[in-house]
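So the structure is just underneath, and the comments pick up after that.
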Amino acid sequence: MAEVKLDDIVSLAKRRGFIFQGSEVYGGLAGTWDYGPLGTQLKRNIMQLWWRMFVEDRDDMVGVDAAILMNQKVWQASGHVDTFTDPLVECGNCHARLRADKLADPNTCPACGKQGTFSEPRQFNMMFETKIGPTAQEVHLRIPAEAIKQQLDLAEDGMVSIDVSRIPGIPVSTDVVYLRPETAQGIFTNYKNVVDTLYPDVPFGIAQQGKAFRNEISPRDFIFRSREFEQMEIEYFVNPDQWESAFQDWVQRVHEWCEALGLPEDKVHELEVPENDRAHYSKRTIDFEYDYPIGREELLGLAYRTDFDLQNIEKASGKSMQYRPKDGSAPFVPHVIEPSFGVERALMAVLCAAYTEDEVHGEKRVYLKLPPHLAPVKVAVSPLLKNKPELVAKANEVFALLKHECGAVLWDDNGNIGKRYRRQDEIGTPFCVTVDFETIENNSVTIRSRDTTEQQRVAIEELATELHKQGI
RNA sequence: GCGGGUGUCGUAUAACGGCUAUUAUCCCAGUUUUCCAAACUGGUGACCGGGGUUCGAUUCCCCGCACCCGCACCA
């Protein structure tokens, strides 16, 4: 089979209402994506599958849903305020971007060797800022001249800086807060709440799904890297001397997850991240990568975060993060295994894995071979001919029945029957049910399979059972 | 963010400093059709945005926005 091209998937996603560019009618906004009717359903199905596998089907997991806006101290304690802000300079000669604080010689470009060509250092902060309280919309205000004079601060370079927040009458808020760049901290900040209310036995995990925001310099590759994205994260709290076995267990769980997404095993790869590439908090990290059309890229990460976060919170808040085992053994601060999943990256992998081209009766066919439990539409119901009232009436009965039994069922009487099958194939509908003249005679319908294009005839009373049997 | 390129119906495209902006497909309505994109009729739908040059700009120029490629970035 020919290699899948990302453009084909982007095009299909747009054509059929899965994914649109954010703010498209106004020319778009880089790094944002909107989900249409089918994309929303597909994304929900992926997130629900995750929640079921990792929370509901286990007895050692609970969920939280923390606020996106968090106290500044969260990001100071976590290290994000320091590590997310890098002073960068640019070489005027070769345009290399370099960390100003890591230059051996602040005058010489290590990339091209030129001297004295650096720009002024600029701060690049990956966190989105916003402000608590109303902010100034309009700076042309009438204010007493004396108030400004008092705030004038003549700097040595001849520039003037004014702290406008200290001038009465200017409604400027300086209470900066960040949109969370990861959901993990919302779990750590609630660790104590969960322990105090439920007191679960260690090991236990706290799971969360939700939006995170990163001010990427250059969002690219469809939904792979965007400025607003959705994470599904677990912080799994363990006794420090058991982290390795817990880590190994999560490696296995992650593979099960990939399998449930329908990702081919040979396209999922483990990358042991070497120490110098790991995040500041991590003692061990495995990146799970997927062979996307854009190359082998990170699908999700599994990190051993030690007690880095809980210790930081303990220091910054003064509150104890100690866990006291019920058997009376010595208290400890739990260590953490963190499987961190990106929803969009999973969704993109699912689309890439599902995108299939084949031939039916000599015609090229494009379809999404989605696992039935992920498909946004489970079953489409059609009358064989839409201008025969008796077929339409009967098909409506079947539609109502299946709608009740299978949920995401679609009515389709567009064009002719072959066209409908192709339309449904393209959005990944696993089965089409067709009402024909034989239905009128003996109450049987055909179920046509997306993957094989073959049909089987079943009695209407058996229909729901048969579909359930096939994974609907 | 830097350098280069691109921007025309949902998708894929054609042409043009000047008449109602082309074609295919998709989509919508109808005729027809007894199971895999048949045919026919009709219909909706686009020059990325803002300035400038010009009698007149989708076309030329400038700025912005978006996308693509390369670099850098991705704790």
Side-chain angles (χ1 to χ4, degrees), chain A residues 6-8 10-17 20-32 36 75 78-86 88-99 111 119 122-127 181-182 184 214-222 224-227 229 273 277-282 285 287 294 297-298 301 303 308 342 358-367 382-388 391 414-426 432-441 445-450 452-455 457:
Chain A
L6 186 61
D7 279 350
D8 293 332
V10 175
S11 179
L12 186 150
K14 178 163 193 201
R15 190 168 67 243
R16 303 315 306 267
F20 308 111
Q21 202 196 341
S23 311
E24 196 186 289
V25 281
Y26 292 113
L29 179 65
T32 62
W75 308 112
S78 70
H80 283 80
V81 171
D82 293 334
T83 61
F84 244 57
T85 307
D86 296 333
L88 295 186
V89 292
E90 182 174 333
C91 172
N93 182 50
C94 70
H95 299 295
R97 281 292 174 79
L98 303 151
R99 284 277 294 270
S119 64
R122 287 183 58 191
Q123 297 292 321
F124 283 85
N125 193 330
M126 297 287 288
M127 287 196 285
E182 63 169 29
R214 294 182 193 183
N215 211 343
E216 298 285 355
I217 294 171
S218 155
R220 282 226 182 143
D221 298 320
F222 195 35
F224 185 82
R225 175 171 293 116
S226 49
R227 295 207 165 103
F229 58 100
V273 180
D277 287 341
R278 284 199 296 262
H280 58 282
Y281 51 72
S282 177
T285 299
D287 280 350
I294 55 172
E297 297 284 353
E298 184 180 347
F308 178 86
D358 67 359
E359 277 196 6
V360 175
H361 299 283
E363 297 265 5
K364 180 183 156 192
R365 176 175 76 135
V366 172
Y367 71 107
S382 292
L384 179 61
L385 300 172
K386 71 169 166 179
N387 61 350
K388 296 284 185 275
L391 291 185
N414 181 284
N416 60 53
I417 189 68
K419 216 164 176 174
R420 287 172 224 155
Y421 289 155
R422 295 302 172 82
R423 280 154 56 98
Q424 296 305 322
D425 287 344
E426 203 176 27
C432 292
V433 168
T434 301
V435 167
D436 57 16
F437 291 100
E438 201 177 327
T439 310
I440 310 289
E441 287 167 24
V445 294
T446 60
I447 301 176
R448 181 266 191 185
S449 152
R450 172 196 69 199
T452 65
T453 76
E454 279 165 13
Q455 303 176 61
R457 186 163 279 279

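Per chain, numbering begins at 1; letters A, B, ... match sequence-line order. Every value quoted in this text rests on a predicted model; they were computed, and no experiment measured them.
A distance-only check finds a donor-acceptor pair linking the side chain of A/Asn416 to the backbone of A/Lys419 [under 3.5 Å].
Contact annotation: A/Lys388 side-chain N/O to B/U34 OP1/OP2 distance is not under 4.0 Å. A close approach under 4.0 Å does not occur between any side-chain nitrogen or oxygen of A/Asn416 and OP1 or OP2 of B/U33. Phosphate contact (OP1/OP2 of B/C67, side-chain N/O of A/Gln21, threshold under 4.0 Å): present. Phosphate contact (OP1/OP2 of B/C28, side-chain N/O of A/Asn414, threshold under 4.0 Å): present. In this model, the phosphate group of B/G10 is not approached by any side-chain N or O of A/Arg16 to a distance below 4.0 Å at OP1 or OP2.
Distances from the side chain of A/Arg220 to the nucleotides B/C35, B/C2, B/A75 place B/C2 closest. Among the nucleotides B/C27, B/C35, B/G10, the one closest to any side-chain atom of A/Arg15 is B/G10. Out of B/C74, B/U33, B/G10, the shortest distance to the side chain of A/Arg214 is found at B/C74.
At a threshold of 4.5 Å between non-hydrogen side-chain atoms, the residues A/Phe229 and A/Arg214 count as touching.
B/C67 atom C1' lies 17 Å from atom CZ of A/Phe20, rounded to whole Å. Distance CG (A/Asp436) to C1' (B/C36): 14 Å, rounded to an integer number of Å. As rounded to whole Å, 16 Å separates atom C1' of B/A38 from atom OH of A/Tyr421. One interatomic measurement links the two molecules: CG of A/Asp7 to P of B/G10, which rounds to 18 Å at whole-angstrom precision. A/Arg420 places its CZ atom 15 Å from the P atom of B/C26, with the value rounded to the nearest Å.
Using N1 to N3 plus N6-O4 or O6-N4 for Watson-Crick, or N1-O2 and O6-N3 for G-U wobble, each under 3.5 Å, B/U8 pairs with nothing. Summarising the base pairing, B/C60 is matched to B/G52 through a Watson-Crick or G-U wobble pair whose two defining distances lie under 3.5 Å. Nucleotide B/C2 forms a Watson-Crick or G-U wobble pair with B/G70, both donor-acceptor distances falling under 3.5 Å.
Counting non-hydrogen atoms under 4.0 angstrom, A/Glu298 reaches nothing in the nucleic acid. Among the heavy atoms of the strands, none lies under 4.0 Å from A/Ser382. Heavy atoms of A/Tyr281 sit under 4.0 angstrom from at least one base atom.
Ranked by how close their nearest RNA chain B nucleotide is to the 5' end, A/Val445 and A/Asp221 are led by A/Val445.
Under the 30°/60° scheme for interplanar angles, the aromatic rings of A/His80 and A/Trp75 are found to stand perpendicular.
At a cut-off of 3.5 angstrom, counting only N and O atoms as typed in the model, there is a donor on one side and an acceptor on the other between the side-chain of A/Gln455 and the base of B/C35.
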